[in-house]
There are 2 protein chains.
Amino acid sequence: MDQNSLPPIQTTARDDAVLKALVGFVRAEALQPGGRLPTERILAERLKVSRNTVREALTRWEGLGLVERRQGSGTYLKAAVSPDMLHLPLTLAGGNDFTSLMQTLEIRRALEAEAAALCAERASPANIAEIERKLDIMEQAFRTLDGMSSEEDWEFHQAIYRVSGNPLFEQIIAAMHELFHRFWEHPLGVRDFGHASFPYHRTIYECIAARDPRGARAEALKLIATVEDDLKRGAAKLKLRT
Amino acid sequence: MDQNSLPPIQTTARDDAVLKALVGFVRAEALQPGGRLPTERILAERLKVSRNTVREALTRWEGLGLVERRQGSGTYLKAAVSPDMLHLPLTLAGGNDFTSLMQTLEIRRALEAEAAALCAERASPANIAEIERKLDIMEQAFRTLDGMSSEEDWEFHQAIYRVSGNPLFEQIIAAMHELFHRFWEHPLGVRDFGHASFPYHRTIYECIAARDPRGARAEALKLIATVEDDLKRGAAKLKLRT
DNA sequence: ATGGTCCAATGGTCCAACCAATTTCTGCAC
DNA sequence: GTGCAGAAATTGGTTGGACCATTGGACCAT
């Protein structure tokens with residue numbers, strides 16, 4: 001017998017019930033990300049639970065990044081919610097060491113290549129125009145600053161993830177982006193970090209515009225490879241462990 | 001001016017401070033997963049904060065899967081913690097609908113192929129033997145049950161992720177496994193769901209044993225393709241939306 | 001317009017108590 | 001002594017009420 005057929009009963013689950021009610025509220029009110037939730041006091045009164053219970057529920061959602069609380073202002077929705085949401089709380093020991101960054105890059109390589117390929121398959125003309133716009137901005141920033149601008153670079157890649165049609169790509173990479181961002185600003189002592197990756201942004205775009213999934217995948221892999229090289233050069237310079 | 005040069009100041013962060021102190025405690029006591037944390041009341045007293053604040057902090061950790069609370073018993077550590085942890089709270093609108101499962105598969109395709117390739121590069125003889133053992137068990141289960149056994153199948157793939165040398169693969173896929181598991185037991189009305197994927201498990205293993213990254217990647221892609229086919233067949237049968 | 005002051009709303013913290021589940025102890029029967 | 005039922009202590013869960021800190025808008029003086 002599958003032990004899943006007899007799940008443990010839940011005798012008390014006030015805060016979970018609160019969250020369920022909140023999901024209902026968000027849907028009933030068609031609340032969009034950025035919208036404001038009822039105040040804690042109102043929720044407590046309406047749901048007939050203590051304000052503390054409401055707070056515990058909201059704390060959970062806050063930890064999951066679904067909601068943002070601003071003292072003196074209110075509680076705001078940060079992401080879309082649905083009744084059958086699944087939360088994947090990944091917690092990984094992330095450091096600034098070479099190994100962690102390399103591992104992050106391996107994940108990014110896998111996802112970036114796949115996303116680029118899917119993007120090339122599915123992009124509409126409007127999508128392609130949007131990506132080109134982001135590319136132009138990035139290239140402009142590159143010339144102005146004489147180097148990679150992490151902000152504009154990120155926007156470009158994000159556009160590709162979005163157009164891939166699979167929101168999971170954007171979510172996973174966005175979550176890891178913070179980890180990556182940390183060291184992006186401190187290029188391990190390597191001058192011109194990311195310079196080598198610059199030309200591949202355009203080649204990726206061209207493959208997408210040409211609806212060439214295989215090419216897009218190949219160019220994406222090349223781009224990641226240049227970043228890996230930069231990383232290795234930095235590691236060698238700092239004599240970090242491999 | 002770079003807007004990062006004036007980051008918002010942090011005036012109060014009691015519960016965050018509690019978590020930081022808790023990290024220190026875990027490390028000082030060399031607390032292992034499964035170990036028991038101090039009582040909420042004791043923590044409140046020691047840290048000179050209200051029990052409510054302690055509870056908010058623990059609620060966050062609980063939501064992140066780091067800790068488990070058992071009423072009447074205590075609070076127990078569920079995973080290792082470190083000062084520089086990174087949390088990726090992925091929330092995906094995951095249902096049993098065709099679209100969600102297909103998107104999950106696209107992620108799995110990206111990661112599975114990369115992991116198989118890395119595994120083929122890095123596997124030690126002992127690793128290879130371990131994977132073969134898992135493969136034998138899976139094949140045995142297949143013959144006995146006359147069908148795929150999700151449990152043994154999962155163990156096989158997990159072994160590959162582990163040997164890939166990058167713990168992120170295992171963590172991400174493991175988190176998504178629950179989503180996949182849901183419908184794995186209810187194969188959308190498709191008889192012999194997963195049957196077609198069976199032979200590729202051995203071909204993947206053989207490529208790994210032969211230290212053939214390209215082959216391993218190719219076979220992994222074939223395996224996922226068969227699952228996608230099964231999924232599409234099920235969707236067509238159930239007239240689900242694409 | 002600009003800046004300052006006040007004030008109501010809102011999240012953050014605290015306290016003291018009680019409830020509910022669990023564990024531990026106690027004492028009785030055998 | 002052993003075993004077990006019930007009491008007692010422990011521990012997380014909930015409640016209600018209070019106060020603090022921050023926010024943002026209204027109002028006012030310059």
Side-chain angles (χ1 to χ4, degrees), chain A residues 6-22 25-26 29 31 33-79 81 89, chain B residues 3 6-22 25-26 29 31 33-79 81:
Chain A
L6 272 181
I9 61 172
Q10 231 18 331
T11 154
T12 54
R14 307 285 260 196
D15 45 0
D16 259 352
V18 169
L19 289 185
K20 226 174 101 186
L22 225 30
F25 172 84
V26 168
E29 301 283 319
L31 204 59
R36 184 154 168 253
L37 271 64
T39 69
E40 297 179 349
R41 287 170 176 87
I42 295 201
L43 284 175
E45 182 192 357
R46 292 274 204 286
L47 301 174
K48 292 292 180 198
V49 295
S50 138
R51 189 179 152 217
N52 257 331
T53 305
V54 171
R55 281 188 60 77
E56 295 236 350
L58 287 178
T59 298
R60 273 233 266 290
W61 267 18
E62 190 186 30
L64 260 35
L66 285 177
V67 115
E68 180 183 350
R69 292 149 111 174
R70 286 207 289 273
Q71 185 176 170
S73 176
T75 305
Y76 301 84
L77 201 59
K78 269 183 72 179
V81 298
Chain B
Q3 57 186 348
L6 271 180
I9 62 174
Q10 208 51 304
T11 156
T12 53
R14 305 284 260 192
D15 43 2
D16 261 350
V18 169
L19 289 184
K20 227 174 97 185
L22 226 27
F25 172 84
V26 168
E29 301 282 321
L31 204 59
R36 185 154 167 249
L37 272 65
T39 304
E40 295 180 351
R41 288 170 174 86
I42 296 203
L43 284 174
E45 182 192 358
R46 292 275 205 285
L47 301 174
K48 291 294 180 197
V49 296
S50 135
R51 194 180 148 217
N52 248 330
T53 305
V54 171
R55 281 187 59 77
E56 295 231 354
L58 286 179
T59 298
R60 272 230 265 290
W61 267 18
E62 190 187 29
L64 259 35
L66 286 177
V67 112
E68 179 184 350
R69 294 150 111 175
R70 287 207 287 272
Q71 184 174 176
S73 175
T75 304
Y76 300 85
L77 202 60
K78 269 184 72 179
V81 298

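All values below come from the heavy atoms of this structure, side chains included, with hydrogens, waters and symmetry mates left out. By convention in this document, chain letters (A, B, ...) are assigned in the order of the sequence lines, proteins followed by strands, and residues within each chain are numbered from 1.
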Visitor: Quick check for you: among C/dC14, D/dG12, D/dT11, whose closest atom lies nearest to any side-chain atom of B/R55?
Guide: D/dG12
Visitor: Any idea which of C/dT23, D/dT14, C/dG11 is nearest the A/T53 side chain?
Guide: D/dT14
Visitor: Is A/S73 close enough to C/dG11 that one of its side-chain N or O atoms is under 4.0 Å from OP1 or OP2 there?
Guide: no
Visitor: Would you check if the side chain of A/T39 reaches a backbone N or O of A/I42 as a donor-acceptor pair within less than 3.5 Å?
Guide: yes
Visitor: Using a 4.5 Å cut-off on heavy atoms from C-beta on, say whether the side chain of B/V67 contacts that of B/L77.
Guide: yes
Visitor: Measure CG/A/D15 against C1'/D/dG13 and give the value in whole Å, please.
Guide: 9 Å
Visitor: Rounded to the Å, how far apart are B/Q71 CD and D/dT14 P?
Guide: 8 Å
Visitor: Of the nucleotides D/dG24, C/dC15, D/dG16, which has the atom closest to the B/S50 side chain?
Guide: C/dC15
Visitor: Under 4.5 Å between any side-chain heavy atoms of B/E62 and B/K78, yes or no?
Guide: no
Visitor: Would you say C/dC14 has OP1 or OP2 under 4.0 Å from some side-chain N or O of B/R51?
Guide: no
Visitor: Can you say whether a donor on the side chain of A/N52 sits under 3.5 Å from an acceptor on the base of D/dG16, or the other way round?
Guide: yes
Visitor: For A/E56 and D/dG12, give me the distance from atom CD to atom P, rounded to whole Å.
Guide: 12 Å
Visitor: Does D/dT11 have its OP1 or OP2 closer than 4.0 Å to a side-chain nitrogen or oxygen of B/R70?
Guide: no
Visitor: Work out which heavy atom in B/A21 is nearest to a heavy atom in B/L47; give both atom names and the distance.
Guide: CB-CD2, 3.8 Å
Visitor: Any side-chain N or O of B/T39 under 4.0 Å from OP1/OP2 of D/dT11?
Guide: yes
Visitor: Nearest-nucleotide wise, let me know which of A/K48 and A/G72 is further upstream toward the 5' end of DNA chain D.
Guide: A/K48
Visitor: Does a side-chain N or O of B/R69 approach OP1 or OP2 of D/dG13 to a distance below 4.0 Å, or not?
Guide: yes
Visitor: Report the distance from atom CG of B/L47 to atom P of C/dC15, rounded to the nearest whole Å.
Guide: 13 Å
Visitor: Taking atom CD of A/E56 and atom CG of A/L58, what is their separation to the nearest 0.5 Å?
Guide: 10.5 Å
Visitor: Quick check: do B/W61 and B/L22 have side-chain heavy atoms less than 4.5 Å from each other?
Guide: yes
Visitor: If you check every side-chain atom of A/E40, which of C/dG12, C/dT23, D/dG13 has the closest atom?
Guide: C/dG12
Visitor: Mind calculating the distance between OH (B/Y76) and P (D/dT10) to the nearest angstrom?
Guide: 15 Å
Visitor: Nearest whole angstrom, please: distance from the P of D/dG12 to the CH2 of B/W61.
Guide: 15 Å
Visitor: Side chains of A/T59 and A/R69: any donor to acceptor distance under 3.5 Å?
Guide: yes
Visitor: Can you tell me how far P of C/dG11 sits from CG of A/L43, to the nearest Å?
Guide: 8 Å
Visitor: Should stems be defined as at least three consecutive Watson-Crick or G-U pairs with both distances under 3.5 angstrom, which of them involve DNA chain D?
Guide: C:1-30 with D:1-30
Visitor: Figure out the CG/P separation between B/D16 and C/dG11, and round it to whole Å.
Guide: 18 Å
Visitor: Looking at C/dG11, does its base get a donor-acceptor pair with the side chain of A/R41 below 3.5 Å?
Guide: yes
Visitor: Enter the distance from A/R36:CZ to A/S73:OG here, rounded to the nearest 0.5 Å.
Guide: 6.0 Å
